[in-house]
Amino acid sequence: MNLRTLLANSMNPLIMGHQNADPDAICSMIAFSRLYTSINPKGSFALMVDDISRLSKQVLDFFEIKEEVLEKPGTKFDLLVILDTNSRLQLGTDFQDIPIDPSRTIVIDHHEPNPEVGAIANNTIVRSDRFSTCEILVDIFEELNIKIDPIIANLLLTGILFDTRRFFYTDLQTLQIGIKLLNFGADYEQCIKSLQIRPDRSERIARLKAASKAQVHLFGDWVIATSIINAFEASACRGLLEMGADVAIIGGKPGKDKVRLSSRSSREFYDNTKINLGTDVMEPLGVIIDGKGGGHANAAGANGTKNLNVALDKAVELIRAAVETKTESTKES
Ligand SMILES: [Mn+2]
């Protein structure tokens, strides 16, 4: 594919990312729109995604990006550019009917190759060995000999920081691209800052209260923490896990005749004990609180109307019994 020719011949490209667009998707979209404008200053592009994540909105505000990102379909276009995704499905439910002409579609992505990609685009740059779409874009800017200004450098570095979890996942090539972006004027500290989300004050207070009132139960090597607060239970559970609990269970009365339970466990706890918070704990608790419970192995909850304290005691009891059964069966085997 000749990317320069495709872009030079398009007057109305539509640039899209995956649904609930994360910073890698949104930053690569904005960077691509600047690349397009450098090649074809007379054209007018549109940016569109099915929902922007809260964090991505924060990044756009932080770097004062003024481009409008449409969140509903309906724009006319003569070229479709799909970034950070390689399937129609990932564009989101509202965008499944978007007309796609493979000869007028470009896909640039780093996810596992999708066999369907050939059916939507003749022009693909899919590099599943890369950690982010933003770093692929750095190579494209260079290949097309287009300057990366400090704003684009900030956006691209922020997308890379997000997808690599601040370079937790990385390799020589990605680090070298990071250094390039710093040389182009990216401000590392600002990029990190743009990605930091501090919970609201009330949420932080709820987490602190849950921690200060927590009861700690020790079953074998496992640490189980329970507490009572009436708001932000899920967030407070995550807080207790971050502090060192293997399992956190929080109950609350968010209103009259309302009882709510929330729970989280570490992956290690589930891998070792196979105790499923949804089926083993929250489903039976749902009955006790006269409501319903369920969820996933590591994250589950229940909603009901009564018996909060009984339910919390029962939760601890269920986990204790399950841990013991598990320990005995390991001894036998
Ligand atoms: Mn990505």
Side-chain angles (χ1 to χ4, degrees), residues 3 13-36 45 47-60 62-63 65 67 69-71 80-93 95 105-117 120-121 123-143 148 151-181 184 186 188 191-197:
L3 190 57
L14 174 62
I15 302 167
M16 293 191 72
H18 57 78
Q19 61 182 330
N20 191 27
D22 62 21
D24 185 38
I26 216 81
C27 291
S28 54
M29 287 167 64
I30 303 289
F32 195 91
S33 72
R34 305 275 170 107
L35 177 116
Y36 168 72
F45 62 86
L47 301 159
M48 194 166 84
V49 285
D50 184 354
D51 207 30
I52 309 175
S53 81
R54 185 180 152 217
L55 183 58
S56 295
K57 281 199 179 119
Q58 175 176 301
V59 168
L60 293 181
F62 188 93
F63 289 115
I65 302 301
E67 278 91 339
V69 182
L70 308 168
E71 293 182 87
L80 179 60
V81 183
I82 298 175
L83 299 174
D84 201 33
T85 181
N86 57 30
S87 80
R88 185 192 276 267
L89 198 67
Q90 283 295 319
L91 294 178
T93 38
F95 299 84
T105 305
I106 299 169
V107 168
I108 302 172
D109 186 38
H110 69 111
H111 295 98
E112 282 305 306
N114 162 23
E116 177 211 331
V117 72
I120 56 172
N123 317 287
T124 61
I125 302 174
V126 177
R127 287 169 57 187
S128 43
D129 66 322
R130 293 297 87 220
F131 297 94
S132 62
T133 299
C134 282
E135 62 191 271
I136 302 175
L137 282 197
V138 174
D139 289 343
I140 296 175
F141 271 85
E142 293 204 309
E143 278 159 28
I148 294 180
I151 295 166
I152 301 172
N154 273 330
L155 291 174
L156 291 172
L157 184 57
T158 300
I160 294 170
L161 284 168
F162 179 78
D163 262 26
T164 61
R165 291 183 53 200
R166 329 289 198 259
F167 292 121
F168 183 82
Y169 304 105
T170 194
D171 64 7
L172 181 63
Q173 209 177 325
T174 304
L175 289 170
Q176 279 170 337
I177 285 176
I179 291 167
K180 259 184 206 168
L181 291 171
F184 290 140
Y188 188 80
C191 295
I192 290 283
K193 239 186 190 169
S194 78
L195 290 170
Q196 280 167 347
I197 278 197

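Values in this document were obtained by computation on a predicted structure and should not be read as measured data. Computed over heavy atoms, backbone and side chain alike; hydrogens, waters and symmetry mates excluded. All ligand and atom numbering here is 1-based and tracks the order in the structure.
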| said: If I take every N, O or S atom of Asp163, is at least one of them less than 2.8 Å from the Mn ion (ligand 1)? | reply: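 Yes, Asp163 qualifies, because one of its backbone or side-chain N, O or S atoms lies under 2.8 Å.
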Got an N, O or S from Asp24 under 2.8 Å of the Mn ion (ligand 1)?
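It does: Asp24 brings an N, O or S atom closer than 2.8 Å to the Mn ion (ligand 1).
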query = So what does the Asp84 OD1 - the Mn ion (ligand 1) - His110 NE2 angle come to, to 10°?
reply =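 Vertex at the Mn ion (ligand 1): approximately 80°.
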Are the side chains of [Y] and [X] in contact, using a 4.5 Å heavy-atom criterion?
{"X": "Tyr36", "Y": "Val81", "answer": "no"}
{"X": "Glu142", "Y": "Lys180", "answer": "yes"}
{"X": "Ile160", "Y": "Phe131", "answer": "no"}
{"X": "His111", "Y": "Asp84", "answer": "yes"}

